[in-house]
Number of protein chains: 2
Amino acid sequence: MVTIEPQATRGDAFDPECPTRVVLDRIGDKWTVLVIASLEGGSLRFSELRARIGGVAPKVLTQTLRAMERDGLLTRTVHAQVPPRVDYELTPLGASLTGPIATLTDWAETHLAVILASREDYDTAFDAR
Amino acid sequence: MVTIEPQATRGDAFDPECPTRVVLDRIGDKWTVLVIASLEGGSLRFSELRARIGGVAPKVLTQTLRAMERDGLLTRTVHAQVPPRVDYELTPLGASLTGPIATLTDWAETHLAVILASREDYDTAFDAR
DNA sequence: CAGCATCCGTTCTGATACTG
DNA sequence: CAGTATCAGAACGGATGCTG
């Protein structure tokens, strides 16, 4: 039982505006999910996000944040003061993404053991290397 | 309400065995989702998959298929005949992924209009180019 | 502080050609 | 038929240094 039909699927994959692709590209990104998780508790400043997530280069964080802002997942608020202060906050749209993500996370945690076991089997079976 | 806590999240992102990452890496992949959708109706041969999905290079299809097989998402059955015939079929595990994917797809279709509108606003507002 | 510009190594992607 | 081998081009990720 799927929303996607074979025919539609084919076309969708190459349509950059396919809803599924738009969303998949976003949450397939390593940092987007982290940002959403970090902002669930409320707005955070750039440096706070950086510290919270850890190990992310400012350039990459900025890219992620910009993409998410562009998609309306979060708001970027610049406070006119010195030193500068910029707050990021999830929009209702962004917050609503936590649902689907949680679904994925649950599935992942439930099935991880099986997947990992499968990998091990596969690797030991095929490793003639 | 999230399964992920800030602390755990941070660590997880860098742990390649983090359940969320394992799954996200897989379904974030353009072709994996297409393969799953294609195989929902039953097993398919390599060339059938290729035709169904369209535009995918054999090398890339093979990579995708191998990764999915390794994770136990599908089975690869080689029939000893000439010409060769290889069937791919979703395992129960692979089939169970359609649920979470459907959740995402639904969300995507529901919110696409808003996202696209947001992008347009963003682009027209910032395009001094 | 927030972030932009630049540079560079790595990975990914896909096209093309060839084989068991 | 079902891949594998090879290779060039693009995209990505990240480190560094500088600025409003």
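Since we're looking at a predicted model, the values are computed, not measured. In the text below, chain A, chain B and the rest are named by the order of the sequence lines, each starting its count at 1.
Side-chain N or O atoms of A:T77 include none that pairs as donor or acceptor with a backbone N or O of A:V86 at under 3.5 Å. Between the B:T62 side chain and the B:P58 main chain, a donor and an acceptor come within less than 3.5 Å of each other. Formation of a donor-acceptor pair under 3.5 Å by the B:T103 side chain with backbone atoms of B:G99 is found in this model.
Atom CG of B:L61 is separated from atom C1' of C:dT13 by 14 Å (rounded to the nearest Å). What separates CG of B:D87 from P of D:dC1 is a distance of 14 Å, to the nearest Å. Across the protein-nucleic acid pair, A:Q63 atom CD and D:dC12 atom C1' stand 8 Å apart, rounded to whole Å. Whole-Å rounding puts the A:Q81 CD to C:dA2 C1' distance at 12 Å. B:D25 has its CG atom 15 Å from the P atom of D:dC12, to the nearest Å. The nearest whole Å value for the distance from the CZ atom in B:R52 to the P atom in D:dA2 is 14 Å. For A:L49 and C:dC1, the CG to C1' distance is 14 Å, given to the nearest whole Å. Spacing between atom CD of A:E69 and atom C1' of C:dA2 amounts to 14 Å, rounded to whole angstrom units.
Nearest to the side-chain atoms of B:A57 among the listed nucleotides C:dG14, D:dC1, C:dC1 stands C:dG14.
Over its full length, the helix from C:dC1-D:dG20 to C:dG20-D:dC1 turns its helical axis through 50°, comparing axes from the five pairs at each end and rounding to 10°.
Nucleotides of DNA chain C nearest to B:D29 and A:V86 differ in position, and the one nearer the 5' end is that of A:V86. Residue-to-nucleotide proximity on DNA chain D shows that, of A:P84 and A:V60, the 5′-proximal contact is made by A:V60.
In this structure, CZ in A:R119 is found 12.5 Å from CG in A:D121, a value given to the nearest 0.5 Å. Between A:I115 atom CD1 and A:E120 atom CD the span is 13.5 Å, to the nearest 0.5 Å. A:L39 contributes atom CG, which lies 7.5 Å from atom CD1 of A:I53 (distance to the nearest 0.5 angstrom). Atom CG of B:L90 sits about 7.5 Å away from atom CG of B:L73, to the nearest 0.5 Å.
No side-chain heavy atom of A:L49 sits under 4.5 Å from any side-chain heavy atom of A:L34. For the pair B:E69 and B:Y88, the minimum side-chain heavy-atom distance is 4.5 Å or more.
For C:dA2, the OP1/OP2 oxygens have no side-chain nitrogen or oxygen of A:R85 closer than 4.0 Å. One finds a side-chain N or O of B:W31 lying less than 4.0 angstrom from the OP1 or OP2 phosphate oxygen of C:dG14. A sub-4.0 Å separation between OP1 or OP2 of C:dC1 and a side-chain N or O of A:S47 is absent.
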For nucleotides 4-6 of chain D, tabulate all protein N/O to nucleotide N/O atom pairs closer than 3.5 Å, reporting atom names and distance.
{"residue": "D:dT4", "atom": "OP1", "partner": "B:R66", "partner atom": "NH2", "Å": "3.1"}

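For A:E48, the CD atom counts as densely surrounded, since its 6.0 Å shell holds more than 12 non-hydrogen atoms of other residues, nucleotides or ligands.
Among the atoms of the strands shown, none is found under 4.0 Å from any heavy atom of B:R50.
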